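Report on the following structure.
The structure presented is a predicted model; accordingly, all values stated were derived computationally and were not measured.
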Amino acid sequence: MEGDKAGSVNANIEKMLMPRMYKSLKRTYALFTDTPATSVTEDYEAVRLKLYSKVGSEYSSVKDGDIHIPVRASSSRSSSSSSSSSTLLLTDGSDRPIHTDYDGRPVLGSHDIPSQSGVPLTQHTATSSISDQAYGNLLHSIPSKRPEREVHTSASIVEYRRAAGIDERFKAPGALSTISPGIVYTKPEWHAPWKLMRVISGHTGWVRCLSVDISNEWFVTGSRDATIKVWDLASGVLKVTLTGHISPVRGLAVSPRHPYLFSAGEDKKIKCWDLECNKVIRDYHGHLSAIYALSLHPTLDVLITGGRDSTARVWDIRTKQAVHVLAGHTNTVCSIESQAADPQVITGSHDSTVKLWDLAAGKCMTTLTNHKKSVRGLALHPREFSFASGAPDNIKQWKLPEGQFIKNLSGHNAIVNCLAVNEDNVLVSGADNGTMAFWDWKTGYQFQQLQSQVQPGSLDSEAAIFAMGFDRTGSRLITCEGDKTIKIWKEDENATEETHPVKDWRPS
């Protein structure tokens, strides 16, 4: 009884499974029944055209006469297509086959070929057909190098290349044709190395800021001793000391159009000094905390300051009113630059961002977030519409007005506090450990690095560079340092390209 019951169950299962199994087998058969077991046959017409194209592109410039490609004269696969429109072999009534060109037209006067590879062509080895093995060897012997593409350039580009000497620079000696240069790497411009010219002492605290007069005869420095000192640029002699701040002076700007000096300090005060009587004539109030940066607009009577309250404030220097409060940073605004063209204000902050501001609207145009550390230094190029920003991670170059990233200047492995650039495309970065790196602005090549020496009696840890700037000619560099001194640097007049060549430059 139990056996009959089990047999009926198995019959039911078989009845249910068999249709599904047949259906699966039928689907599998339909999928794979048309797949041949042998390899795909070779299309000799396609191979012939490929061979013709390769030989023509490689050897057309050195081969005399037309290029003739041997074809397979006898083949079971090609016999069926001999009567079609794309005939591989034509006959002219003789036993010798007539080769065809790329368009299928007959080519007369073809040359004999050796019977096999590596055999010299003689009367006994000459043949008009080729075996399968020799045909395969011929295919494998064709080099895989692609022909150089012809570069078509406009007239303006050709003139630029000729003026820059690019064609001559990239042409190989004895070359039969001009080689396309591809990517052109600009070699760094040679710059003379810089050396220490003068050390000026007088402050009793860290020197934090400086500004050079438009006449290039004197400059001013601000210090942690809360004083402002005016120095003669040629001799380094102290001319006058201005007192009025009660905290470290962090920002200075000499007006190029008025006899005014503007100063800002950690006492939250902004002062306007009349240099004809050396007195404070205006005060600007509004910052809620210490002021770390100050910049004077080059064409407008506008002053921009930034500080620990995470804002940059725009002041009318005549009415003492705050025109705008540029809010958006989330940490201290420690560097500010201003220019006549939009964006007229650029700020760097400890929140590791750089912001470009529309001065008329008082709003942020672009926020640059490429840095990962505090942006403590900014420098506008005096001739190009670009600027650089310095941080402990990298020095970055940007293109204005959109703020497009250009390149990184890597190699100054320190906390970069300040930047300066002159018209000779020399960019200098100063760091917290007293090192200075000199860069070629065009290529980002670091051609020199110096270590500032502290004055006798100072600690080695006081070798810090807090601010720097070039004079109006760009031939002298002024640095404000942590050993309470001001150092003036100049180029080595005895240096030449032979004595100080460009070393270890690699295109990046």
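Rounded to the nearest 0.5 angstrom, K484 NZ and S201 OG are separated by 10.5 Å. Interatomic distance, R472 CZ to E423 CD, rounded to the nearest 0.5 Å: 11.0 Å. Note that CD of Q339 is 8.0 Å distant from NE2 of H297, once rounded to the nearest 0.5 Å. To the nearest 0.5 Å, the span separating CG on D460 from CG on N433 amounts to 11.5 Å. If you take NZ on K268 and OG1 on T305, they are separated by 13.5 Å, rounding to the nearest 0.5 Å. Atom CG of L356 is separated from atom CG of L368 by 5.0 Å, given to the nearest 0.5 angstrom.
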Subject >> Criterion side chain to side chain contact (heavy atoms under 4.5 Å, CB included) on I304 and Q344, from CA distance to verdict >> reply: CA-CA 10 Å; I304 306 101; Q344 298 185 50; over 6 Å; no
Subject >> Working for side chain to side chain contact (heavy atoms under 4.5 Å, CB included), residues H381 and W441 >> reply: CA-CA 9 Å; H381 196 281; W441 179 272; 3.5 Å; yes
Subject >> Criterion salt bridge (charged side-chain N to carboxylate O under 4.0 Å, His left out) on K373 and D393, from CA distance to verdict >> reply: CA-CA 6 Å; K373 301 289 184 179; D393 55 353; over 6 Å; no
Original post:
Going through the distances and angles, do S295 and S338 end up as a side-chain hydrogen bond (donor to acceptor under 3.5 Å, both in side chains)?
Top reply: CA-CA 6 Å; S295 180; S338 60; 2.9 Å; yes
**OP:** Please lay out, stage by stage, how I228 and L261 fare under the test side chain to side chain contact (heavy atoms under 4.5 Å, CB included).
**Re:** CA-CA 10 Å; I228 302 170; L261 167 66; 4.1 Å; yes
Subject >> Stepwise side-chain hydrogen bond (donor to acceptor under 3.5 Å, both in side chains) test for S352 and K372 >> reply: CA-CA 6 Å; S352 71; K372 297 179 178 62; over 6 Å; no
**OP:** Could you walk me through whether D440 and V502 pass side chain to side chain contact (heavy atoms under 4.5 Å, CB included), step by step?
**Re:** CA-CA 11 Å; D440 177 58; V502 175; over 6 Å; no
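Contacts of D424 classified as side chain to side chain donor-acceptor pair (under 3.5 Å), with partners at least two apart in sequence or in another chain: none.
Between F219 and I486 there is a side-chain heavy-atom pair separated by less than 4.5 Å. Under the 4.5 Å side-chain criterion, counting only non-hydrogen atoms from C-beta, V354 is in contact with F387. For the pair Y284/I317, a side-chain contact is recorded, criterion being any heavy-atom separation below 4.5 Å from C-beta on. Counting heavy atoms from C-beta outward, L450 and W489 have side chains that approach closer than 4.5 Å. Annotation: side chain of V426 is not in contact with side chain of L477 (no heavy-atom distance under 4.5 Å). Side-chain atoms of M436 and W194, non-hydrogen and from C-beta on, never get closer than 4.5 Å to each other. Residues V207 and F466 are not in side-chain contact: their nearest non-hydrogen atoms beyond the backbone lie 4.5 Å or more apart. Using a 4.5 Å heavy-atom cutoff, the side chains of I478 and L233 are in contact.
Contacts classified as salt bridge (Lys or Arg N to Asp or Glu O under 4.0 Å) and involving residues 304-318 (residues at least two apart or in different chains) are given here: D301-R318, D309-R313, D316-R318.
Residue K239 places its NZ atom among more than 12 non-hydrogen atoms of other residues, nucleotides or ligands, all under 6.0 Å distant.
Side-chain atoms of S349 come within 3.5 Å of backbone atoms of T332 as a donor-acceptor pair (strictly under, hydrogens ignored). For Q455 (side chain) and D483 (main-chain N/O), a donor-acceptor pair under 3.5 Å exists by modelled atom type. Using modelled atom types, one side-chain atom of D351 and one backbone atom of T330 make a donor-acceptor pair closer than 3.5 Å. In terms of modelled atom types and a separation under 3.5 Å, the side chain of R198 and the main chain of A234 share a donor-acceptor contact. Under a 3.5 Å cut-off, the side chain of S223 and the backbone N or O of W206 do form a donor-acceptor pair. Distance alone, capped at 3.5 Å, is enough to place a donor-acceptor pair between the R257 side chain and the L300 backbone. Listed for the S211 side chain is a donor-acceptor partner under 3.5 Å among the backbone atoms of V254. A donor-acceptor pair under 3.5 Å is formed between the side chain of D267 and the backbone N or O of I246.
Nearest heavy-atom pair, S429 versus V416, reported as atom, atom and distance to 0.1 Å: CB-CG1, 4.1 Å. Here the closest heavy-atom approach between residue V333 and residue S310 is recorded as CG2-C, 3.9 Å. In terms of heavy atoms, T204 sits closest to D225 at N-OD2, 3.0 Å. Across all non-hydrogen atoms, the minimal contact from F262 to L296 is CE1-CD1, 4.0 Å. Closest approach of A379 to L419, counting heavy atoms only: CB-CB, 3.7 Å. For P392 against S374, the heavy-atom pair with the smallest separation is CD-O, 3.3 Å.
The residues E481 and K487 are annotated as salt-bridged, a charged nitrogen and a carboxylate oxygen being separated by less than 4.0 angstrom. By the 4.0 Å N-to-carboxylate-O rule, D492 lies close enough to K195 to be salt-bridged with it.
Ring pair Y260/W273: centre-to-centre distance not below 6.0 Å.
Residues T367 and K355 have side chains that bring a donor and an acceptor to within less than 3.5 angstrom of each other. Side chains of K399 and S386: no donor on one and acceptor on the other come within 3.5 Å.
Using the six-membered ring where Trp is involved, F438 and F447 have ring planes that are tilted, between 30° and 60° apart.
Results of the side-chain contact (heavy atoms from CB on, under 4.5 Å) test with L294 over V249, L303, L252 single out L303 as the only residue that passes.
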